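This report concerns only the one structure given below.
As a basis for the values below, the full set of heavy atoms in this structure was taken, side chains included, without hydrogen atoms, waters or symmetry mates. Every chain is numbered from 1 and lettered A, B, ... according to where its sequence line falls, protein lines coming before strand lines. Note that the structure is predicted; figures quoted are calculated from it, not measured.
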Protein chains: 2
Amino acid sequence: MSPKQQRGVATADLLLDAALRVYAEKGEQGLTVSAVTKASGVSLGSLYHHFGSIDGLVEALTLRWMGRMLGDVVTALQRSRTARSGIGALVRAYLDFIQEHRDAALLVHSPAADRKGMADGNQARASQEAPVSAFAAWFQPHIEAGEIAPLPMPLIESLVLGPVIGLARRWLSGIEDVDLDEAARILPERIWRSVSAEPK
Amino acid sequence: MSPKQQRGVATADLLLDAALRVYAEKGEQGLTVSAVTKASGVSLGSLYHHFGSIDGLVEALTLRWMGRMLGDVVTALQRSRTARSGIGALVRAYLDFIQEHRDAALLVHSPAADRKGMADGNQARASQEAPVSAFAAWFQPHIEAGEIAPLPMPLIESLVLGPVIGLARRWLSGIEDVDLDEAARILPERIWRSVSAEPK
DNA sequence: ATCTTTCTAGAAAAACACTCTAGATCTCTG
DNA sequence: CAGAGATCTAGAGTGTTTTTCTAGAAAGAT
């Protein structure tokens with residue numbers, strides 16, 4: 001990588017890092033162009049050169065962290081052999097991530113994330129669907145092996161991820177009644193019951 | 001209610017209705033102060049008198065529809081006698097609502113909704129916690145009766161609502177692979193397996 | 001009848017995202 | 001190794017959007 005490109009990447013990183021700091025400190029409202037340029041020391045022109053718009057910057061930031069989170073989750077999945085242990089690993093990886101990167105997780109779980117990620121068929125889709133299809137790819141053999149019930153994949157995803165995401169949102173929003181350790185202990189067993197092929 | 005108050009409420013309603021129309025037509029970006037004042041025929045001053053800010057207006061709109069949605073769901077719950085049928089009624093009520101009020105549901109499921117609803121301890125909390133605690137109140141007896149497993153209430157809520165919300169978000173975002181009728185048939189049984197007290 | 005409060009109105013101010021031109025730094029080719 | 005071309009940095013300037021502020025109309029209270 002040439003020095004010029006290096007500098008470009010470094011500038012983009014400065015902006016992304018600064019944007020997350022600003023978001024953590026001042027929230028969604030405070031995440032303005034001037035706040036980010038001040039916090040990063042990078043000029044307005046550079047911001048627009050690299051990201052095109054403030055939404056572009058937020059989208060890039062969201063995708064970066066969404067990618068990291070889904071990467072953690074998929075890695076945890078792929079290390080697991082049985083469907084049951086995979087669900088446990090997934091839940092732990094997800095909850096670990098939001099505890100370790102609370103601010104980033106808040107951004108990823110924000111409404112903007114849904115929009116940006118899904119709205120128009122841009123590169124967002126690619127970087128999201130890779131992990132999502134990895135998710136489906138991991139479950140497929142377990143369906144065929146008779147461990148997981150042969151439900152439509154969207155339903156399996158909702159049953160497995162829905163409770164975890166719901167709990168994560170609740171914890172992220174600052175509600176005090178959520179004990180993530182307890183959840184990590186109890187949820188996998190319960191999710192397993194909902195998607196397993198065994199008769200009840 | 002005095003005529004003056006009546007007019008005030010009518011004006012606020014005009015603004016809320018117009019805001020939803022604007023949102024439905026032009027999306028989140030298009031939901032500006034001037035668009036709402038034009039669409040409603042109400043002046044700028046009135047908007048700020050009633051809602052204080054554009055965010056205040058959006059928050060009020062979100063809470064109004066969130067209240068209606070949770071109201072539908074809780075009503076469906078309360079008509080059910082057994083835990084199992086309650087879960088089925090809840091799922092159907094939820095999915096019916098998002099189909100019937102797609103635009104409002106999009107707003108309610110947007111990121112802004114999480115923020116606004118939970119962030120600061122304002123009246124938002126009250127209008128949300130009423131239905132939520134109604135939810136808990138309905139489940140409590142079924143836990144004590146041994147139908148539902150004695151899990152912490154946040155976990156029960158996540159297990160029951162998480163999959164439904166996840167699927168709803170997916171459908172609302174326009175992904176084509178979700179069949180809500182099929183989901184309404186399959187999900188209740190699966191959710192029931194996850195929270196029921198019976199041994200597996 | 002006048003005083004007070006609530007509501008409506010829109011001009012003016014402030015904040016904001018974004019564009020545009022200029023110039024610096026690096027690469028690559030003749 | 002000179003200089004043409006590409007990429008990146010810089011910030012003043014533009015247009016739009018939110019918000020504030022002052023004024024006045026309508027209703028109820030005394």
Q.
OP1 or OP2 of C/dC7 versus the side-chain N and O atoms of B/T11: is any pair under 4.0 Å?
A. no
Q) Is any side-chain N or O of A/H50 closer than 4.0 Å to OP1 or OP2 of D/dT9? A) yes
Q: Kindly state which residues belonging to residues 37-49 of chain B come within less than 4.0 angstrom of DNA chain C, counting heavy atoms of the residue only, listed by number.
A: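 Within this stretch, B/S43, B/L44, B/G45, B/S46, B/H49 sit under 4.0 Å of the strand.
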Please report the distance, rounded to the nearest Å, between [atom1] in [X] and [atom2] in [N].
X     : N      : atom1 : atom2 : result
B/E59 : D/dT18 : CD    : P     : 17 Å
A/D13 : D/dT9  : CG    : C1'   : 17 Å
B/Q29 : C/dC16 : CD    : P     : 17 Å
B/L57 : D/dT17 : CG    : P     : 16 Å
B/F51 : D/dT20 : CZ    : C1'   : 19 Å
A/K26 : C/dA15 : NZ    : C1'   : 13 Å
B/I54 : D/dT20 : CD1   : P     : 13 Å

If you measure from [atom1] on [X] to [atom2] on [Y], what distance do you get to the nearest 0.5 Å?
X      : Y      : atom1 : atom2 : value
B/L107 : B/W65  : CG    : CH2   : 10.0 Å
A/L187 : A/L180 : CG    : CG    : 9.5 Å
B/I148 : B/R84  : CD1   : CZ    : 10.5 Å
B/S46  : B/L14  : OG    : CG    : 10.0 Å

Q) Any chance the rings of B/H109 and B/Y94 have centres within less than 6.0 Å? A)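 Here the rings of B/Y94 and B/H109 have centres that are less than 6.0 Å from each other.
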Q | Check ion pair B/D103-B/R21 (N to O, under 4.0 angstrom) | A | no
